[in-house]
Amino acid sequence: MARYNAKDSEKRWQQAWDGASTFLTPTDATRPKCYVLEMFPYPSGRIHIGHVRNYTMGDVIARFKRAQGFNVLHPMGWDAFGLPAENAAREKGVNPRDWTYANIAAMRDQLKLMGLSIDWSREFATCDPAYYRHQQKLFLDFYKEGLVYRSEADVNWDPVDQTVLANEQVIDGKGWRSGAPVERRKLSQWFFKITAFSDDLLTALDTLDRWPEKVRLMQKNWIGRSEGMRFSFALSNGRDLEVFSTRPDTLFGASFVALSPDHPLTEELAAKDPKMAAFVAECRRVGTAEEAIEKAEKLGYDTGLTAAHPFDANWKLPVVVANFVLMGYGTGAIFGCPAHDQRDLEFARKYKLAVLPVVIPEGADPKTFEVGDEAYVGPGRLANSRFLDGMSVEDAKDEVAKRLEAAGRGTRTVNYRLRDWLVSRQRPWGCPIPMIHCAKCGVVPAKASDLPIKLPDDIAFNVKGNPLAAHPTWKHTSCPRCGGEAVRDTDTLDTFVDSSWYFARFCDTTAADPVDRAAVDYWLPVDQYIGGIEHAILHLLYARFFVRAMKQAGYVKLDEPFAGLFTQGMVCHETYKDKSGAWLAPDEVEKRDGKVFLKGSGEPATIGPSEKMSKSKKNVVAPETIIDIFGADTIRWFMLSDTPPERDIEWTDEGADSCWKFVQRIWRLVSEAEGLPPPGAAIAAVDGAALELRRATHRAIAAVTEDLASLRFNRAVAQIYAFANAISGADVPGAVRREALETLVLLIGPMMPHLAESCWEALGHRQFVANTSWPVSDAALTASDTVTIAVQVNGKLRGTIEVAKDADKAVVETAAFALDTVARALDGKAPRKVIVVPNRIVNIVA
RNA sequence: GGCCCCGUGGCGGAAUUGGUAGACGCAACGGACUUAAAAUCCGUAGUUCCGAAAGGAACGUGCCCGUUCGAGUCGGGCCGGGGCCA
């Protein structure tokens with residue numbers, strides 16, 4: 001029999017599935033539904049191996065669920081707006097749309113080579129006006145619902161290129177193209193009011209029991225709920241200053257009051273004090289990243305004002321501007337208690353302010369307890385705090401809150417770290433924001449009937465500033481309210497918006513509204529979502545927000561978009577360098593005796609650690625090359641083998657070879673089988689080797705089914721290897737062999753679909769494996785009537801016994817004591833105790 | 001610094017959730033087939049020690065301690081690696 005020709009076979013089956021519309025989404029009302037979705041790709045131009053791993057897993061689940069009788073929705077699309085297209089446009093002079101669609105076409109071809117069970121009729125790109133028109137409608141609806149507002153916010157401004165930069169375009173505080181120092185500028189921008197759902201986004205995490213614990217924890221930390229108080233200090237200039245604190249209990253340890261450099265009061269004071277203005281400017285140079293602010297030296301500027309302690313009008317605290325106080329958190333002003341907050345402590349030490357401990361840990365003496373370089377943030381009893389002395393931290397918080405509330409100086413509040421989502425981007429390749437600026441009427445929403453507001457086809461990229469704003473005609477329009485001259489908002493939406501609801505659009509890509517109500521009611525939530533951990537926070541949080549906003553706007557009735565989430569690991573590869581330290585690609589080196597050499601020249605090279613495949617380190621393997629050599633089934637099998645799916649997997653040539661060998665082995669096993677009865681032949685009662693093979697068959701069904709259902713692909717693969725070994729080793733012909741081979745083929749079906757079809761055909765079937773039901777194991781065959789029981793003496797294994805399943809305790813004990821090894825281990829001593837765990841183990845304690 | 005996750009053969013990893021540690025795969029070694037190689041097939045294999053061999057013994061899941069008849073699995077404390085938040 002000829003070797004399996006993956007190339008011919010895969011092409012043939014892909015065409016056959018296509019021709020029969022096999023993977024169009026079925027809507028058989030008698031079946032349950034299953035929505036399987038992988039995070040859709042950015043059309044960079046080529047599929048990388050991380051995509052292959054992601055889509056292989058999704059495809060296995062989709063095919064498995066199909067075979068189990070579900071209506072499966074398994075779509076694919078393109079997250080198609082974004083910076084790379086703009087860069088290509090600027091550098092190569094191409095139209096970003098043309099560039100993007102050419103990439104999509106190339107990547108679609110590559111994906112199709114993988115033989116994925118995708119319903120391609122539902123494909124769309126987020127840069128299609130047919131998609132983003134609905135996104136514009138959602139924006140208008142959210143606006144109506146009060147979930148969209150306009151506010152001033154800082155942006156990174158490149159003074160040379162006269163353009164707003166994305167955070168990732170700021171490198172070491174400088175514009176990535178111009179190299180000019182980036183400035184912070186205030187612009188009026190659009191926000192989504194995600195904080196309206198802070199509490200719900202947090203508490204609903206508990207309902208997501210099919211999400212990784214890690215992701216839920218990350219989201220929880222990101223939302224960052226903390227309970228505290230807002231209260232005010234009376235300032236020496238006659239005004240009140242409101243601060244936020246999570247530690248009102250430490251109020252008697254206060255040494256200073258600090259304002260954010262961005263606080264309105266700071267700005268007011270700086271207007272009259274050039275030195276303060278200079279200090280504020282210095283603070284802003286650090287950038288907006290919290291981490292940078294945290295690591296920077298704590299600096300302050302004395303305003304000359306004082307603040308009266310809320311519980312002692314004669315106690316005056318200095319008011320300073322401090323670089324570590326964030327405007328976005330709380331009120332942008334704090335009171336500093338150095339003994340119990342690390343940042344306050346560093347600040348106090350620098351400026352020689354008092355450090356008075358007011359919370360004393362259990363067992364320490366309030367008279368002698370001191371704080372050194374580390375603030376004390378643990379529990380304890382209050383001291384040096386007048387009426388709070390002796391209280392626990394919790395009681396003291398309560399007491400302070402009660403008194404401040406009674407005095408009308410403060411309120412208890414819950415504060416969240418989560419901020420509203422700034423969605424305006426001053427970028428030309430994105431979804432236009434459907435708002436219009438009229439000199440008379442102000443900011444006016446576009447009419448729904450005018451959607452989509454399409455991007456112009458002729459965007460000039462080599463201009464200063466935002467190309468959309470610079471376009472000669474695009475922004476000019478008439479006011480939807482008064483009909484007078486007006487201009488469009490020239491900002492576009494953050495591309496995270498595009499990916500926040502695409503899963504809902506897939507339910508019906510032809511709907512006249514953003515979503516079809518019946519379709520989303522049926523298909524959502526996504527039953528299994530798969531993607532990288534890098535989206536653990538933003539993308540998933542934004543999608544969760546969108547579902548809530550869409551629910552409020554009346555589009556959906558569900559609470560959460562993704563019932564099941566799986567985050568897969570990365571694909572890694574060894575790294576190589578030549579003697580000058582330059583990176584070498586895997587195909588530039590050859591291995592001999594565990595050492596690597598430059599291919600051709602024989603010059604030695606060094607092997608570095610295995611790292612995530614990346615262009616910069618050149619440790620990449622092109623999926624299309626692997627598919628060309630071995631076929632898609634081999635690369636799919638590799639992606640599922642050995643390593644648990646959530647962990648990083650290492651690509652090795654040896655591993656790929658062994659997968660290829662297994663493809664051939666299965667083909668041989670099936671195609672060389674002789675004397676099989678025709679399909680559907682009945683199996684007579686059997687015993688001996690034939691019965692053993694039947695048992696192996698049904699145990700394999702049970703094990704693989706369970707492993708696939710719980711996404712333990714590596715275990716399913718191991719089970720299949722073991723089963724293939726059992727078939728090879730069994731000299732059993734006839735109907736029992738047919739049953740075993742057919743089972744093997746059906747079990748590999750979701751993982752190696754092309755090979756499975758070829759084998760199925762070779763076994764005489766006319767129907768696709770893709771249309772064949774998943775096998776069901778026979779419980780009578782998975783259970784065996786004898787069991788092997790381990791026998792221990794004093795916890796150490798001394799032998800095993802073979803007894804009938806559920807055998808009598810006495811029978812088991814007798815068999816255990818009959819073992820020579822047991823007698824030897826006992827060495828004449830009488831057993832004190834015998835523990836018998838049915839069907840498992842006997843432990844004799846002597 | 002806080003919180004979380006992970007440490008098992010030469011390697012990737014299994015282990016019925018407290019019950020025979022090392023399944024399955026890679027690499028390795030021995031053999032068969034072959035003029036030879038590739039491919040394929042059969043076999044060996046945690047470590048150390050005893051034995052000519054059959055076989056046997058001790059040790060063994062990062063380290064220490066504990067709970068238990070029994071611990072890779074549970075608890076406490078270290079060490080190392082990674083992640084998130086600071």
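If you're wondering where the values come from, they're calculated on a predicted model, not measured in any experiment. Letters A, B, ... are given to chains in the order of the sequence lines, protein chains preceding strands, and every chain is numbered from 1.
- Put simply, A/Arg824 has no side-chain N or O that comes within less than 4.0 Å of OP1 or OP2 on B/G56.
- For A/Asp707 (side chain) and A/Arg712 (main-chain N/O), no donor-acceptor pair under 3.5 Å exists by modelled atom type.
- Atom P of nucleotide B/G83 and atom CD1 of A/Ile533 are separated by 12 Å, given to the nearest angstrom.
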Checklist entry - Quick one: what's the B/S/- string for nucleotides 16-30 of chain B, heavy-atom cutoff under 4.0 Å, read 5' to 3'? => result B--BB--BSSSS---
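- For the pairing with A/Val793, the side-chain contact (heavy atoms from CB on, under 4.5 Å) check across A/Asn843, A/Val822, A/Val845 returns one residue only, A/Val822.
- Between A/Tyr376 and A/Phe369, some side-chain heavy-atom pair lies under the 4.5 Å cut-off.
- Of the residues A/Ile841, A/Val842, A/Val834, the one that meets the side-chain contact (heavy atoms from CB on, under 4.5 Å) test with A/Val812 is A/Val842.
- Within the 4.0 Å cut-off from OP1 or OP2 of B/C41, at least one side-chain nitrogen or oxygen of A/Arg668 is found.
- Within the model, atoms CD1 of A/Ile649 and OG of A/Ser641 stand 7.0 Å from one another, a figure rounded to the nearest 0.5 Å.
- One finds a side-chain N or O of A/Arg647 lying less than 4.0 angstrom from the OP1 or OP2 phosphate oxygen of B/G13.
- At whole-Å resolution of the value, CZ in A/Phe723 and P in B/A14 are 22 Å apart.
- Rounded to whole angstrom, the span from the OH atom of A/Tyr376 across to the C1' atom of B/G2 amounts to 14 Å.
- B/A37 and B/A58 are spaced 45 Å apart, taking the C1' atom of each and rounding to whole Å.
- Protein atom CZ of A/Phe630 is 12 Å distant from nucleotide atom P of B/A39, rounded to whole Å.
- Map A/Ser728 and A/Asn221 each onto its nearest nucleotide of RNA chain B; the residue landing nearer the 5' end is A/Ser728.
- The NZ-C1' distance, from A/Lys214 to B/C3, rounds to 14 Å in whole Å.
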